[in-house]
Structure formats: C-alpha cells, structure tokens
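Excluded from the calculations below are hydrogen atoms, water molecules and symmetry mates; all remaining heavy atoms, backbone and side chain alike, are included.
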Amino acid sequence: MLSKTKFIKHAAILAVASLLVRLLGFLYRLPLTNMLGDEGNGIYSAGFYLYNFFLVMSSAGLPAAISKIVSEKIALEEYRNVKRTFRISIILSGTVGLIFAIIMFISAKFFSNLIGSPDSYYTILTLSPTVFIVSIMAVFRGYFQGLGTTVPTAISQVIEQIFNAVFSIYLAYLLVKISLPLGAAGGTMGTGIGALAGLIYILVVYINRKHYINKRLSKKTHKYRVESNKEIAIKIIKTAAPIIAGTAIFSMTNLIDMQMVNSRLLASKAFTEKEVTSLYGQLTGKYVTLTTLPVSISTALATAVLPSIASSMIQKDIKTVRKKIDVSLRLTMIISIPAAIGMGVLADEILLLLFPNHSDGGSLLKWGALSIIFLALCQIITGILQGIGKMTIPAKNALIGSIIKIPINYFLIAIPSINVIGAIISTTVCYIVASILNFIALKKATKIKPDFKGILFKPIIASIVMGVACYFSYKGVYNVIESNTIATLISIFISMIVYLISLAVIGGFKREDLMLLPMGKKFIIILERFRLID
C-alpha cells in the first residue's frame, strides 16, 4: 500500500510531468497558431476532438482501471492475478484500439462531413493510427502505476510531448505552404509520432525491468484463487466501462460544441463559414488550451490518487483514505482558484503575449476562467470516487451536466453578440453541476467532514488579494515601460509571490502541501520561524 508520504511523492511526479507536458504544448501551439491562424486552429481542433472521442472509447479508462485492479491485487498479495491482469489488458486494449483506428481511417470523409468540418478530413486520417498506439501505451502506464510507480508514465508523457511538439511544428510548416487543411493535418501528425516515441520508451523500461517485476510477483504468499482469463477480462471491462463512460460524456460535450457552434452560428446568418471556423478556433485553440493548463495538475493528482486510495480502501484504512482526500481537494483548489482569477484579470494581455499575430478571444478567457475551478474539482473528485469503488457515479453526474449543457448551448450560441461564449457558459454550468453532484456523493460515501476553510475560503481570500495585485502591477509597469510582454510577465511573477505570501499569512499551507514544492522543507522552516504553519 502507498503510504501517505509516497502518495504525495507520486502525485507530485505526475503533477510536475503534466505541467511540463502542458508547457511544452503551449510552446508548440504558439508557432502553430501563428502559422495556421484561428481558421486553421478550427480545422485542427475539429479533427482532434473526433480523434479524442475515439481515443476515449478505446482506452481512456484503462490506465485508471488497470492501476486500480493491480494495486488491489498487490495489496492482497495475489501476484499471479496481477500478471494475468496485465496480459489480458494488452489483448483487450490492443484489439479495441485497432478496431477503432480502422473505423476512424476508413470513415474519415463521413466523419468530417458529420461534424460540419469537411476540411478536417486529412487531420482525421493522420490521427487514426494514434488510437491504436495510445491504447497499447495506456496498459503499460496503468500497470506501472498499479505497481506503485508513476515515473515511467511521467517520463513517457514528457517524451511523447517533445516529439509531438517538434514534428507538429515542422510538418505544419511544410504542409501549410500547400494548403491550410494540409497544414492542420501536419500539426496533428506530430501527435502520432509523439505517441510512438512514448510507447517505445515505456516498452524499453518494461523490458529492462521485466525480470525484477516478475521476481517481485513470483513471491510465494498465502493460498488464493487464481482467476480465469474470462473473470479478469470481465473485471477489467466492468472497472473501465464507467470510467470510459464518464470521460466519453465530457468528450461528447466537445463534439456537441463543435457541431452546435457550426450549425447555430450559421443559422443566425450573422457569420460566414470562414468566420465560424475562426471563432471555433479561438474557442479550442485559445480558451481550451489555456484553461486546461492548471487543470492538468488536478488530472495528475486524480491519476495518482486512484490506485493509492483503492489500496487503502481494500485494507479498510478509512483514516488514511480521508487524509488523502483532504490533501487532494486542498491542493486542487490551492492551484486552480488563483489560476482562474489570474487568467480572468489578464485575459487580453496573455493572448497578446502568446499570440501576437492572432490575439483575438480575450472575452472567451474572461467568461471561461471560472470553469477552471469546477473542471479541476470535477476531475479530482472523479478520481477519488473511482478509487473508493464508486465507478458509475461520476459517469451519471457527467451525463446530467451534459444534458443541462445542450439547451443552454442551443439558445446562447445563436445570439450573435454571445456566439461561442455561449458554449463556454454552458460548459461552466456543466462542470458546476457535475462537481456539486460528485461532492455530495463523495461526502455520503466516505462520511468526510471537509475542511472548507482550508479547501475553499483561504485560497479564495489569497487569490482575491493576488488578483488586485495582478491588475495594478500590470497597469503600473505598463505605464512605465509600455510593453505588454514585460508588463504581463512581471505582473504574473508579482502575483505568484503575493499569492504565496497571502496564503502563508492566513495559514493556508499545511506541511504535506509544502513537501510537494522544491525546497519545501526550507520553506517550512521559514514559516515555523514566523509561526505561520502548524
């Protein structure tokens, strides 16, 4: 079983890797957006979201499901069942991934017309093989996480993104000279190359560690029943299905947005087809890309928390489960609340900094900043619920949120003055509903008494102070230097310092949180001197 210290360590590894992956994603999306523009971004995103849906259906639930099952079997010392779980997972995932990859490839023309983006045909073609590659890689990642290490997953993610970034930029640069749709397809080719590089790395790690893993899993322990291949396959499917369903529902909301943005904006007759594609490109290439950066940390925490909590639950260590839940919720809010406020305050300035050639879309960030908090909360509670065995609840709540989203989309997007902001408002409402329902279910299932002061109120107070400092520091620096780049970067730096100091002064940090930070122990010593930490 992962101890509390190890849990925090592995959560930190995934969080750092996810943040690095997101930052690399930013770096390659900057030149990509400047090459393709908002219209090219719209074509790119249309194909990518369809690919993401197929990816979700084929393998999204596997890392979580496999890590949960493997960690439970190790906690029970059923080592032969661990090996069988891994072997059956490879067969299942590989078969399903191959089928979906073939369907996506041969039906690319049909799907591009179905989603209202005929120009995305080439992006769908180039992304189809990636579905199979990722479905295999997902099994290895889940297996290693179940064995108690997030390092192979973290490193493979970074390698994947490095190759993705390099080849996406290079191929888009070559192909955009021929046509914009081919340029967008070039941008997606890097996704498959990156996934292949990540898979090769994790295969090499597995081959090198295979002897050690098999030796560890060959220990003679108590007598237990060895499960049949059929039993294991059913267990994998039953565990993965609710996770896939929940993720697929949220993935479907992206497809709903894509279809409704295209159809409702064109129906309003206030925009041309090219303008609609550009607005959709702003929505996906700027709003989604930027707001999911802080959320990636909560995603990493959710990934780490599932096998850890599952292991604690199987040993009926409820006290440890509650402590892990407390740490996860507090860290998620400490990160997401200031990110939301900061992004809302500097929306236009950030877009001008990142996309000097195509800086439109600041209003989308201002309206959508709130969604960061609730998406992060939704994801971390989903991971916790899955860890305690409540696999179907997040899927049901996601469905309820998505059903509420559709009519809001329908009416708001068609209003010309609102347009794609309607999709952002409906998405925020969707996440708010799903988060509240998930939280109610979590509280009922675990009987936890949430520390609302530490989870919500203290981060909110510190973030408000930070937001004020952010606004006035930007104005002050810009009045002196008149450079958006310098003023934005300095104000972000000042905001981070103000937030950390404000949170420390009001006692918002706990020791386990600070241990995640570089030089965390020294920070604790400083706070102890000023009696700012228990």
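With sequence neighbours excluded, the residues forming a side chain to side chain donor-acceptor pair (under 3.5 Å) with Ser45 are Thr284, listed by chain and number. With sequence neighbours left out, the side chain to side chain donor-acceptor pair (under 3.5 Å) criterion links Ser89 to no other residue. Taking Tyr51 as the reference, nothing meets the side chain to side chain donor-acceptor pair (under 3.5 Å) condition, with sequence neighbours excluded. By the salt bridge (charged side-chain N to carboxylate O under 4.0 Å, His left out) test, Lys235 is found to be paired with Glu227, residues two or more places apart in sequence or in another chain being considered. The side chain to side chain contact (heavy atoms under 4.5 Å, CB included) test applied to Val433 returns Ile400, Ile404, Val429, Leu437, not counting sequence neighbours. For Tyr431, the ring pair (Phe, Tyr, Trp, His ring centres under 6.0 Å) partners at least two apart in sequence or on another chain are Phe250.
Checked against the 6.0 Å centroid threshold, Tyr206 and Phe86 count as a close aromatic pair.
The residues Arg322 and Asp326 are annotated as not salt-bridged, no charged nitrogen and carboxylate oxygen being separated by less than 4.0 angstrom.
Counting only heavy atoms from C-beta outward, the side chains of Tyr478 and Glu349 never approach each other to under 4.5 Å. Counting only heavy atoms from C-beta outward, the side chains of Ile413 and Ile408 never approach each other to under 4.5 Å.
Legend: side-chain hydrogen bond (donor to acceptor under 3.5 Å, both in side chains) pairs involving residues 362-376, not counting sequence neighbours, sorted by first then second residue: Tyr287-Ser371, Asp348-Lys366. For the side-chain hydrogen bond (donor to acceptor under 3.5 Å, both in side chains) condition, the pairs that include at least one residue of residues 397-408, sequence neighbours left out, are Asp257-Lys405, Asn397-Asn438, Lys405-Ser426, Lys405-Thr427. Residue pairs that meet the salt bridge (charged side-chain N to carboxylate O under 4.0 Å, His left out) test with at least one member in residues 380-390, sequence neighbours left out, do not exist here. The salt bridge (charged side-chain N to carboxylate O under 4.0 Å, His left out) contacts involving residues 141-159 comprise Arg141-Glu160, where partners must be two or more places apart or lie in separate chains.
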Taking only distance into account, with no hydrogens and no angle test, what donor-acceptor pairs under 3.5 Å do side-chain atoms of residues 450-463 form with protein atoms, sequence neighbours excluded?
unit_1 : atom_1 : unit_2 : atom_2 : d
Asp451 : OD1    : Gly454 : N      : 3.3
Lys458 : NZ     : Ile506 : O      : 3.4
Lys458 : NZ     : Gly507 : O      : 3.0
Ser463 : OG     : Pro459 : O      : 2.6

Per-pair distances, 0.1 Å, donor-acceptor, side chain in residues 466-474, under 3.5 Å, sequence neighbours excluded:
unit_1 : atom_1 : unit_2 : atom_2 : d
Ser473 : OG     : Ala469 : O      : 2.7
Ser473 : OG     : Cys470 : O      : 3.0
Tyr474 : OH     : Asn484 : OD1    : 2.8

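Here CG of Leu364 is found 9.0 Å from NZ of Lys286. Values are rounded to the nearest 0.5 Å. Separation of atoms OG (Ser483) and CG (Leu353) is listed at 9.0 Å; rounding is to 0.5 Å. To the nearest 0.5 Å, atom CZ of residue Phe355 and atom CD of residue Gln282 are 10.5 Å apart. Thr332 OG1 to Ile384 CD1: the interatomic distance, rounded to the nearest 0.5 Å, is 7.5 Å.
Partner Ile372 forms a side-chain contact (heavy atoms from CB on, under 4.5 Å) with one of Leu290, Thr291, Thr292 and no other, that one being Thr291.
A side-chain donor-acceptor contact under 3.5 Å links Ser435 to the backbone of Phe374.
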